[in-house]
Protein chains: 2
Amino acid sequence: MKYTEKLRNSGLRPTKQRLQICEVLFNTDKTFHFTINELEQKIKKQTNNKISLATVYNTVHAFEKKGYLKQIPINSSETYFDTNVTDHHHFYDLKEEKLIDLENSDVGPINILKKINGKKIKSVEVLVKLED
Amino acid sequence: MKYTEKLRNSGLRPTKQRLQICEVLFNTDKTFHFTINELEQKIKKQTNNKISLATVYNTVHAFEKKGYLKQIPINSSETYFDTNVTDHHHFYDLKEEKLIDLENSDVGPINILKKINGKKIKSVEVLVKLED
DNA sequence: ACACTTTTTTAGAATCATTATAAACTACAA
DNA sequence: TTGTAGTTTATAATGATTCTAAAAAAGTGT
């Protein structure tokens with residue numbers, strides 16, 4: 001099965017529900033941003049099948065831990081995830097509360113000069129807030 | 001009074017509680033990060049006076065809106081604020097769940113090349129996640 | 001100082017995203 | 001198969017934040 005490996009890598013068995021979540025998340029050329037609730041709605045529409053919120057939370061978190069999804073650091077009541085796990089950044093339109101991708105080439109290289117003893121950099125994320 | 005102007009600018013009258021919040025937030029050379037709950041505890045310790053959570057939320061939000069405090073975009077169950085409102089960035093130590101300031105000079109200049117029609121950049125924030 | 005209006009504070013209730021629970025269900029290996 | 005360990009689900013619990021309404025304080029005019 002197409003997504004079995006991704007699931008196994010994340011420590012999850014390939015169940016019907018999880019494969020459906022994979023279809024919605026990964027069976028597309030375009031990457032996208034989502035909240036858990038948006039994802040649940042999308043699944044319901046695309047598969048005519050309701051998957052319980054708990055399952056969606058569990059699966060998304062397992063993928064996030066493994067690096068198949070990224071959390072987008074932003075102050076919002078809901079947590080935003082991104083299926084684009086390459087190194088890239090975001091605009092956040094404050095008025096419309098919408099995220100827009102910033103390609104890596106749209107932001108000059110970022111050089112972190114400070115070092116912290118015994119720690120290594122896991123990620124560098126830039127959030128550019130937009131107003132009118 | 002020392003903080004009256006700051007409060008008036010934020011659309012708030014200088015009451016006893018708000019002045020106490022100001023003391024804790026601004027009467028120090030060092031800037032610091034805090035959550036609402038941490039701030040409430042700090043107030044109780046420093047002033048021997050309990051201020052209700054609702055008042056702390058209101059005041060902090062008014063200051064944030066006016067730019068006397070900054071929200072730090074980070075995925076955490078609690079919202080983090082910063083009394084350092086200058087343009088600067090953060091390390092986030094994932095294991096210890098601790099924020100560390102990154103001086104602006106520790107990060108090379110950041111050049112946002114993409115433009116969005118009719119929108120202007122309000123802020124550019126870099127979050128560097130650290131792991132062991 | 002007093003009466004009167006407006007703003008503020010407060011404790012507790014309401015809300016909402018997320019996490020935990022426990023019973024029914026399913027995958028998978030022996 | 002059959003057993004067991006993992007999974008799904010609805011629902012309850014949790015916890016941060018926001019709302020509410022009544023009491024307290026501040027501001028205003030006399």
Side-chain angles (χ1 to χ4, degrees), chain A residues 1-25 33-44 47-66 69 71-81 97 99, chain B residues 1 3-24 33-44 47-66 69 71-81 97 99:
Chain A
M1 195 67 96
K2 208 171 169 188
Y3 299 110
T4 302
E5 191 194 6
K6 230 169 190 156
L7 287 163
R8 291 242 184 258
N9 277 341
S10 309
L12 301 175
R13 287 182 181 173
T15 63
K16 181 164 66 81
Q17 289 87 342
R18 286 169 181 164
L19 288 165
Q20 284 179 337
I21 294 173
C22 284
E23 284 293 327
V24 175
L25 286 176
H33 310 131
F34 63 93
T35 64
I36 296 289
N37 273 289
E38 287 167 0
L39 181 57
E40 198 221 6
Q41 294 305 308
K42 204 168 179 182
I43 292 165
K44 201 154 47 180
T47 69
N48 285 326
N49 202 340
K50 188 193 168 302
I51 295 181
S52 100
L53 261 186
T55 301
V56 180
Y57 270 103
N58 287 341
T59 307
V60 165
H61 283 149
F63 282 149
E64 196 269 336
K65 201 183 228 168
K66 194 62 190 180
L69 291 174
Q71 257 190 278
I72 302 172
I74 197 180
N75 289 112
S76 167
S77 58
E78 287 176 87
T79 302
Y80 276 84
F81 293 89
E97 299 186 14
L99 280 163
Chain B
M1 196 67 98
Y3 299 111
T4 301
E5 191 195 7
K6 232 170 190 154
L7 286 163
R8 292 240 184 256
N9 277 340
S10 308
L12 301 175
R13 289 181 181 171
T15 64
K16 181 165 67 83
Q17 288 86 343
R18 287 168 181 163
L19 288 165
Q20 285 179 337
I21 293 172
C22 284
E23 284 292 325
V24 174
H33 311 129
F34 64 92
T35 64
I36 296 288
N37 273 289
E38 287 167 0
L39 181 57
E40 199 221 5
Q41 294 305 308
K42 205 168 178 182
I43 292 165
K44 201 153 49 178
T47 68
N48 285 326
N49 203 339
K50 188 191 168 305
I51 294 180
S52 101
L53 263 185
T55 301
V56 180
Y57 270 102
N58 287 342
T59 307
V60 165
H61 284 149
F63 282 149
E64 196 270 335
K65 200 183 229 168
K66 194 61 191 182
L69 291 173
Q71 256 190 278
I72 302 173
I74 196 180
N75 289 113
S76 168
S77 58
E78 289 175 86
T79 303
Y80 276 84
F81 293 89
E97 299 186 14
L99 280 163

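Owing to the predicted nature of the structure, the values given are computational and were not obtained by experimental measurement. Chain letters run A, B, ... following the sequence lines, proteins first and then strands; every chain starts at 1.
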(request) Measure the CG-CZ distance between A:Asn9 and A:Phe63 for me, rounded to the nearest 0.5 Å. (result) 9.5 Å
(message) To the closest 0.5 Å, what do you measure between NZ (B:Lys50) and OG1 (B:Thr55)?
(response) 8.5 Å
(message) Please tell me if A:Thr35 has a side-chain N or O lying less than 4.0 Å from either OP1 or OP2 of C:dA17.
(response) no
(message) For C:dT10 and B:Gln17 - does any side-chain N or O of the residue sit under 4.0 Å from the phosphate oxygens OP1/OP2?
(response) yes
(request) For B:Pro14 and for B:Ser77, find the nucleotide of DNA chain D with the closest heavy atom, then tell me which residue's nucleotide is more 5'. (result) B:Ser77
(message) Testing the basics here: between A:Ile74 and B:Pro73, what is the closest heavy-atom pair and its distance to 0.1 Å?
(response) CA-CB, 4.1 Å
(message) So if I take residues 36-44 of chain B and measure heavy-atom distances to DNA chain C, which residues fall below 4.0 Å?
(response) none
Can you tabulate the close N/O pairs, meaning under 3.5 Å, that link protein atoms to atoms of nucleotides 1-5 of chain D?
none

(request) Applying ring pair (Phe, Tyr, Trp, His ring centres under 6.0 Å), name anything that partners B:Phe34, two or more places apart in sequence or on another chain. (result) B:Phe32, B:Phe81
(request) Give the rounded distance in Å between these two atoms: CG of B:Leu19 and P of D:dA26. (result) 10 Å
(request) For B:Leu12 and C:dT6, give me the distance from atom CG to atom C1', rounded to whole Å. (result) 15 Å
(message) Could you tell me how far apart A:Asn49 (CG) and D:dT8 (C1') are, to the nearest whole angstrom?
(response) 12 Å
(message) Expected output is a numbered-order residue list: members of residues 51-63 of chain B with a heavy atom under 4.0 Å from any atom of DNA chain D. What is it?
(response) B:Ala54, B:Tyr57, B:His61
(message) Tell me the interatomic distance from B:Ile21, atom CD1, to C:dT10, atom C1', rounded to whole angstroms.
(response) 13 Å
(message) If you assign each of B:Lys50 and B:Arg18 to its closest nucleotide in DNA chain C, which residue comes earlier from the 5' end?
(response) B:Arg18
(request) Run the numbers on A:Thr15 and A:Leu7 for side-chain contact (heavy atoms from CB on, under 4.5 Å), then give the verdict. (result) CA-CA 9 Å; A:Thr15 63; A:Leu7 287 163; over 6 Å; no
(request) Check the distance between D:dT18's P and A:Asn75's CG and give it to me in whole angstrom. (result) 11 Å
(message) Once rounded to the nearest 0.5 Å, what's the spacing between atom CD of A:Gln20 and atom CD of A:Gln17?
(response) 7.0 Å
(request) For the helix from C:dA1-D:dT30 to C:dA30-D:dT1, measure the angle between the helix axis at one end and the axis at the other, each built from five pairs, rounding to 10°. (result) 30°
(message) Please report the distance, rounded to the nearest Å, between OH in A:Tyr80 and C1' in C:dT18.
(response) 16 Å
(message) Looking at every non-hydrogen atom in both residues, tell me the closest pair between B:Val56 and B:Ile21 and how far apart they are.
(response) CA-CD1, 4.1 Å
(message) Nearest 0.5 angstrom please: A:Glu23 CD to A:Ile43 CD1, how far?
(response) 11.0 Å
(request) Nearest 0.5 Å please: distance from the OG1 atom of B:Thr59 over to the CD1 atom of B:Ile36. (result) 9.0 Å
(request) Return no unless some side-chain N or O of B:Lys16 is found under 4.0 Å from OP1 or OP2 of C:dT8. (result) no
(request) Using the test salt bridge (Lys or Arg N to Asp or Glu O under 4.0 Å), find all partners of B:Glu64 that sit at least two apart in sequence or belong to another chain. (result) none
(request) For B:Thr15 and for A:Thr15, locate the closest nucleotide of DNA chain D by heavy-atom distance; then report the residue assigned to the nucleotide nearer the 5' terminus. (result) A:Thr15
(request) In sequence, state the C-alpha distance, the side-chain angles, and the governing distance for A:Leu12 and A:Asn58, and then conclude on side-chain contact (heavy atoms from CB on, under 4.5 Å). (result) CA-CA 10 Å; A:Leu12 301 175; A:Asn58 287 341; over 6 Å; no
(request) For C:dC28, take OP1 and OP2 only and decide whether either is under 4.0 Å from a side-chain N or O of A:Arg8. (result) yes
(request) Quick one: closest heavy-atom pair of B:Asn75 and A:Ile72, and the distance? (result) OD1-O, 3.1 Å
(message) In this structure, how many angstroms lie between the P atom of D:dG15 and the CD atom of B:Glu78, rounded?
(response) 11 Å
(request) With rounding to the nearest 0.5 Å, note down the distance linking CG in A:Leu69 to NE2 in A:His61. (result) 10.0 Å
(message) Please find the pair of heavy atoms, one from B:Glu97 and one from B:Tyr80, that lie closest to each other, and give the distance.
(response) O-OH, 4.3 Å
(request) Considering non-hydrogen atoms only, spot the tightest contact between B:His33 and B:Glu38 and give its length. (result) O-OE1, 4.1 Å
(message) With a cut-off of less than 4.0 Å, is there a side-chain N or O of A:Thr79 near OP1 or OP2 of C:dT18?
(response) yes
